[in-house]
2 protein chains.
Amino acid sequence: MDKDTLVQQELSRRNFLFDTGKIIAGAAGIAAFAAGSEGLVSLALAKGASTGKWPWPYVKLDPQKTADIAYEEWYRVFCGAAVINSVFSQLREKVGEPYKSFPSDAFVFLEGGMVGWGTVCGSNAGANVVSNVIIGPRIAGPKSEHGHSIGSDMMQWYSDTSLPVFTPKEPRQKTAIIQTTSESPLCHVSVGKWMKKSGYALASPERKDRCARVAASVAYKLVQDLNDWKDGKYDAKSHWAPGRDVGITAQQNCTECHGDKVPSPPMAAK
Amino acid sequence: MDKDTLVQQELSRRNFLFDTGKIIAGAAGIAAFAAGSEGLVSLALAKGASTGKWPWPYVKLDPQKTADIAYEEWYRVFCGAAVINSVFSQLREKVGEPYKSFPSDAFVFLEGGMVGWGTVCGSNAGANVVSNVIIGPRIAGPKSEHGHSIGSDMMQWYSDTSLPVFTPKEPRQKTAIIQTTSESPLCHVSVGKWMKKSGYALASPERKDRCARVAASVAYKLVQDLNDWKDGKYDAKSHWAPGRDVGITAQQNCTECHGDKVPSPPMAAK
């Protein structure tokens with residue numbers, strides 16, 4: 001069997017596994033993708049900031065309260081900054097620095113899949129900012145590995161879950177909000193599938209409240225995961241390592257854009 | 001002519017305009033998409049950090065030097081953090097705080113389109129972090145509007161340009177690096193088109209050097225735009241406002257995933 005056929009089968013298998021919601025891959029994660037050993041240098045070489053020492057101090061937070069904050073903050077700073085502020089606004093009060101110096105509101109640009117371009121959902125991006133700023137980047141060593149894991153797990157959970165799962169105590173929209181499963185971490189795909197099923201326009205109050213509830217749903221899970229990490233009992237769930245497994249950085253819904261003709265990327269020599 | 005036909009025509013027109021590299025839309029930008037007036041509240045209500053006052057102090061930087069730093073930093077922290085550090089490492093020296101307190105290395109997670117999922121290219125994300133952290137989010141008022149504009153312009157330029165355009169003085173790979181135009185701000189699409197044309201695998205030294213040069217190319221343009229903004233002569237070039245123009249957060253390459261059957265999103269009542 002030739003290489004292309006093997007890759008094709010792997011991509012098809014992943015789509016099947018994705019469809020059944022049972023992605024099971026190996027360990028290693030993105031490290032298999034990225035620049036390799038030259039990326040795993042000591043932070044002694046780092047040109048990073050004075051706050052580049054991880055993990056940052058963290059105290060366990062209440063997921064419900066955090067989600068309530070995220071829901072309200074969405075209407076001020078939108079999805080990405082809402083998720084960031086739902087955690088950091090509490091840590092600024094409970095811990096102080098370095099959280100007081102982190103410019104959370106600058107991340108309004110994560111809205112609409114980054115300045116409206118519909119790429120990664122700002123809630124996923126905001127969750128990655130929070131987990132990696134608190135726990136640290138993977139190059140910081142074993143104590144920081146779960147900054148990456150929690151971020152990747154959020155992308156997986158977001159893609160697999162019928163969202164939103166969080167309902168605010170005092171919702172701005174009293175009507176029931178339809179749930180949809182995006183099968184993708186992208187804003188365009190997530191919002192598009194919801195709009196198609198619900199029939200509501202992007203500019204509708206219902207769509208806005210749906211996105212505010214999605215941000216709150218993500219904030220709720222984010223704090224659950226951070227609390228587990230703080231307790232030393234967080235286990236990475238997603239082991240999606242596309243660079244290693246399918247030869248290109250990728251989502252798991254290949255056929256959604258490619259149809260039956262998923263390209264076979266050139267593979268490294270064995 | 002019914003609504004769906006009009007939307008279809010608009011999407012087709014945009015694809016045509018995109019193909020000819022001549023996107024011309026109105027003003028307004030993402031504000032037309034986002035949560036509307038409730039989002040445009042005074043920052044007096046902000047729960048943001050103590051650094052939430054914009055713009056941050058900025059001194060003009062040398063694009064060539066910045067690109068050289070980004071190229072070298074890619075091999076330490078990868079695309080997103082390389083772009084951020086190429087600017088902030090210089091401002092930490094020339095300005096000091098608040099740049100010293102910004103945890104640039106935490107943004108390693110932007111690699112591979114965010115923890116390897118192939119969404120937005122980390123170079124685009126890193127450029128948006130830099131422009132919005134320095135100039136501020138659009139909700140901070142007129143003095144901060146170009147944080148958003150420079151970020152969106154980068155997405156447009158990245159999509160339209162045959163990359164990489166920057167060649168380092170001392171490249172790690174001596175062979176010529178093939179250029180490709182992504183027509184998308186996504187890592188998966190950008191890297192995939194380059195891999196298809198070049199024939200090099202994701203794990204190849206050539207692919208890594210291509211991405212390091214793309215990060216450097218983005219860093220070069222980013223500092224050119226920031227310097228123009230500092231001189232008060234920056235004019236936003238991209239006015240892509242998909243929420244207003246096509247009714248959903250989106251890229252401009254609709255047919256690349258949807259083929260001839262671009263869905264018509266439900267539109268708001270007039």
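Lettering follows sequence order; numbering is per chain, from 1. These numbers come from the heavy atoms of this one structure, side chains and all, not from hydrogens, waters or symmetry mates.
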Does any backbone or side-chain atom of [X] lie under 4.5 Å from a heavy atom of chain B? Answer side chain, backbone, both or neither.
X	value
A/S204	neither
A/V129	both
A/F88	neither
A/A125	both
A/P185	side chain

So that I can tick it off, tell me whether [Y] and [X] are bridged by a salt bridge, with the cut-off set at under 4.0 angstrom between side-chain N and carboxylate O.
X	Y	result
B/R172	B/E72	yes
B/R213	B/E206	no
B/E73	B/R76	yes

Check your understanding: Rounded to the nearest 0.5 Å, how far does CD of A/Q252 lie from OG of A/S238?
Key ->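 The distance works out to 6.0 Å.
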Exercise for review: Mind checking the OH-OG spacing from A/Y71 to A/S86? Nearest 0.5 Å is all I need.
Suggested key: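 The distance works out to 15.0 Å.
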Most chain B-contacting option - heavy-atom pairs closer than 4.5 Å, from [options]:
options	value
A/A250, A/C257, A/G259	A/A250
A/G136, A/G151, A/G199	A/G199
A/A81, A/A106, A/G147	A/A106
A/S149, A/G192, A/S152, A/P98	A/S152
A/I134, A/N132, A/L186	A/N132
A/I84, A/V108, A/N128	A/N128

**Study point:** Validation row, ring centre B/F78 to ring centre B/F107 under 6.0 Å
**Key:**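 No, ring centres 6.0 Å or more apart.
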Review point. Taking C-beta and beyond as the side chain, do A/H148 and A/I139 meet within less than 4.5 Å on heavy atoms?
Key: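 A/H148 does not reach A/I139 side chain to side chain.
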Point to revise | Atom of B/T119, atom of B/M114 and distance for their closest heavy-atom approach | key: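 In terms of heavy atoms, the two residues are closest at OG1-CB, 3.8 Å.
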**Study point:** Top contributor to chain A interface from B/H258, B/Q251, B/M155, B/K196 [non-hydrogen pairs under 4.5 Å]
**Key:**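 Looking at each option in turn, the highest pair count goes to B/M155.
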